[in-house]
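Note that the structure is predicted; figures quoted are calculated from it, not measured. Residue numbers run from 1 in the order of the sequence given.
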Amino acid sequence: MSKIVLVALSRIILPVFFLCLSIAATSQTNSHINNSDTAQTYTLDQCVTYALKHEPFINMAVVNQAIVKATNAIATAGWMPQVNVVGNYTHYFTLPTSFIRDSTGKTVNEKAGIVNTFTPTLVVTQTIFNPALVYAVHAAPLYNKQAQQVTDSNKISIVAAVSKSFYSLLLTLAQINVLKEDTARLNKNVSDTYHQYIGGVVDKTDYDEAMISLNNSLFTLRQATEAVRPQYAQLKQVMGYPPLAQFDVLYDTLRMQNDIAFDTTQQLQFEKRIEYQFLQTTKALQLTQVDYYRKSWLPTVSGFFDYEYEFEHNSMSGFFNQAYPFSYAGLSLNIPIFTGFARINNLKKARLQYDLLDWNEVELKSQIYSDYTNALANYKSNLYNLTVSKDNVTLARETYDIVSLQYNQGVVAYLNVITAESNLITSEITYQNSLFQVLSSKIDLAKAMGIITVNPQ
């Protein structure tokens, strides 16, 4: 009998030892990742705010906005006066020959000109009208708007990604707490079953089944514990948070319950989707290009002013002793008469590209509607599952308490306890999954309807 007792004691002590190790490992992992004494604490809103300021793709989009503005400034710079200074130096090895009539009326030739000539010239030009510059002015606000919409699109995606990663992490942490409670209950069951086995109340199979249930729970707890670190890493990535820095997550369970609600009677409005807004801006740009090619036959008109300060001398020694300045101004007119049908074909191409955007709009609306219907169906389904799973937790807990009491009184077999315990842990995990699935599907629905708001930088 003493040998059996030792074997039984070893089989009950080892699981308790492993339980302590698992809880210690969980605590060590959480303290390493979420040590509130050394790490900051972030709510979901704070995580989103941090991401909107530090996430790389958002910041790249902001830089691209500045690049677009600079590009527009370059494209419209032609409306400003263009001022240049040029200089030409000429040295004749042999002066050119000119033909003149002498006093007798005979045509003779002679060398004419100056050996050294240097002419610095101040050139000022001012565009009066240019179709390309008119197009650049009209297109600049649309390009700026497009760049802003790209930034907004990135922000919306990051808000959704941060929220879903945050909820995924909370789900794992909540499951760990449930599994800790489960292992604590199972450890007590092992202890109670052992004493009943020693007392001859139950046979050895009850004790073995209790041990199997405890070991399975410890295994699941360990898996959940190991999953915490990569989920923190995923949240850091979407936030743009330094990988080696640590922070803790803070959440209000009551607020999470309140955040579940969503007005599903709202009508889908395509105009609220940032993708639809971007397409409309692209179509406006394309219309501007069509208008440009339609008017590209218009002339280019510019004014110019030249001031030349000419130096002339046959030797270098007195080259700059005397200058002969002169100046003039005028207008330049350039009318495209025939361009090999390039203007006509460019206009045709631009119109076809606009027709292509019309078809893109048809496809985009279909895609948006599909996203909306799927997100709405998922939200309603998950909301229903949450309600049912919450009731199941209450029923499973009551059932477990009753069956556990009946087993202790010898009314039912231990298999009933195992079944009740399995139903309880399953219902609790299902409830946690349903809760965070509802929150996640609500984000997808809000994104599909285009009602996710982003804070300005």
Distance-only, no hydrogens or angles: does the [X] side chain make a donor-acceptor pair with backbone N or O of [Y] under 3.5 Å?
X: Y379; Y: F262; result: yes
X: S168; Y: K164; result: no
X: Q409; Y: Q406; result: no
X: Q126; Y: V124; result: no
X: T399; Y: L395; result: yes
X: N345; Y: F341; result: yes
X: Q269; Y: E271; result: no
X: T288; Y: A284; result: yes
X: N382; Y: N378; result: yes
X: S153; Y: Q149; result: no

Legend entry - Pairs meeting criterion side-chain hydrogen bond (donor to acceptor under 3.5 Å, both in side chains) with involvement of residues 68-82, two or more places apart: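 Every pair satisfying side-chain hydrogen bond (donor to acceptor under 3.5 Å, both in side chains) with a residue in residues 68-82: N72-N144.
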Legend entry - Among L52, V48, V62, I274, the one residue meeting side-chain contact (heavy atoms from CB on, under 4.5 Å) with K155: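 Looking at L52, V48, V62, I274, the match for K155 under the side-chain contact (heavy atoms from CB on, under 4.5 Å) is L52.
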Inset, instruction - Only one of L44, L235, T43 passes side-chain contact (heavy atoms from CB on, under 4.5 Å) with V249; say which it is. - result: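 Testing V249 for a side-chain contact (heavy atoms from CB on, under 4.5 Å) against L44, L235, T43 leaves exactly one candidate, L235.
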With no hydrogens and no angle check, do the side chains of [X] and [Y] hold a donor and an acceptor under 3.5 Å apart?
X: Q231; Y: S165; result: no
X: T265; Y: D263; result: yes
X: T151; Y: Q65; result: yes

Inset, instruction - Indicate yes or no: does D291 engage K295 in a salt bridge with an N to O separation below 4.0 Å. - result: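 Salt bridge present between D291 and K295.
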Could you tell me whether [X] atom [atom1] has more than 12 heavy atoms of other residues or ligands within 6.0 Å of it?
X: F57; atom1: CZ; answer: no
X: F304; atom1: CZ; answer: yes
X: Y384; atom1: OH; answer: no

Heavy atoms, side chains only, cut-off 4.5 Å: are [X] and [Y] in contact?
X: L376; Y: T264; answer: yes
X: N334; Y: P299; answer: no
X: Y167; Y: I443; answer: yes
X: T121; Y: V85; answer: no
X: L214; Y: L218; answer: yes
X: Q234; Y: Q237; answer: yes
X: Q277; Y: T281; answer: no
X: I176; Y: L221; answer: yes

Once you round to the nearest 0.5 Å, how far does [atom1] of [X] lie from [atom2] of [Y]?
X: Q175; Y: E428; atom1: CD; atom2: CD; result: 11.5 Å
X: T282; Y: L287; atom1: OG1; atom2: CG; result: 11.0 Å
X: L179; Y: R222; atom1: CG; atom2: CZ; result: 13.0 Å
X: N154; Y: E55; atom1: CG; atom2: CD; result: 7.5 Å
X: I156; Y: I58; atom1: CD1; atom2: CD1; result: 10.5 Å
X: Y251; Y: L173; atom1: OH; atom2: CG; result: 6.5 Å

Heavy-atom pair of closest approach, residues [X] and [Y]:
X: V403; Y: V417; value: CG1-N, 3.6 Å
X: K447; Y: S157; value: NZ-OG, 4.1 Å
X: R294; Y: L347; value: N-CD1, 3.9 Å
X: A448; Y: L268; value: O-CD1, 3.9 Å
X: A350; Y: Q286; value: O-NE2, 3.0 Å
X: Y414; Y: E209; value: CD2-OE1, 3.7 Å

Inset, instruction - List the steps, then state whether side-chain contact (heavy atoms from CB on, under 4.5 Å) holds for Y400 with R185. - result: CA-CA 11 Å; Y400 174 78; R185 284 196 305 267; 3.8 Å; yes
Legend entry - CA sep, side-chain torsions, deciding dist, call: M256, F436, side-chain contact (heavy atoms from CB on, under 4.5 Å): CA-CA 9 Å; M256 288 174 57; F436 291 103; 3.1 Å; yes
Please output the side-chain donor-acceptor pairs of residues 130-142 that fall under 3.5 Å, not counting sequence neighbours, one pair per line with the distance.
{"residue": "N130", "atom": "OD1", "partner": "A132", "partner atom": "N", "Å": "2.9"}

Inset, instruction - Decide if the gap between the ring center of F247 and the ring center of Y232 is smaller than 6.0 angstrom. - result: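 Distance test on ring centres: under 6.0 Å, yes.
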Inset, instruction - Kindly determine whether T125 and S302 satisfy side-chain contact (heavy atoms from CB on, under 4.5 Å), including the steps that lead there. - result: CA-CA 7 Å; T125 59; S302 60; 5.6 Å; no
Legend entry - Trace of the side-chain contact (heavy atoms from CB on, under 4.5 Å) decision for N216 with L186: CA-CA 10 Å; N216 289 336; L186 290 173; over 6 Å; no
Inset, instruction - Hey, can you tell me if Y241 and Y42 have their rings parallel, tilted or perpendicular (30° and 60° cut-offs)? - result: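 Plane angle over 60°, so perpendicular.
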I'd like a table of donor-acceptor pairs (distance under 3.5 Å, sequence neighbours excluded) in which one partner is a side-chain atom from residues 359-372, with atom names and distances.
{"residue": "E361", "atom": "OE1", "partner": "Q280", "partner atom": "NE2", "Å": "3.4"}
{"residue": "E361", "atom": "OE1", "partner": "K283", "partner atom": "NZ", "Å": "2.7"}
{"residue": "E361", "atom": "OE2", "partner": "Y276", "partner atom": "OH", "Å": "3.0"}

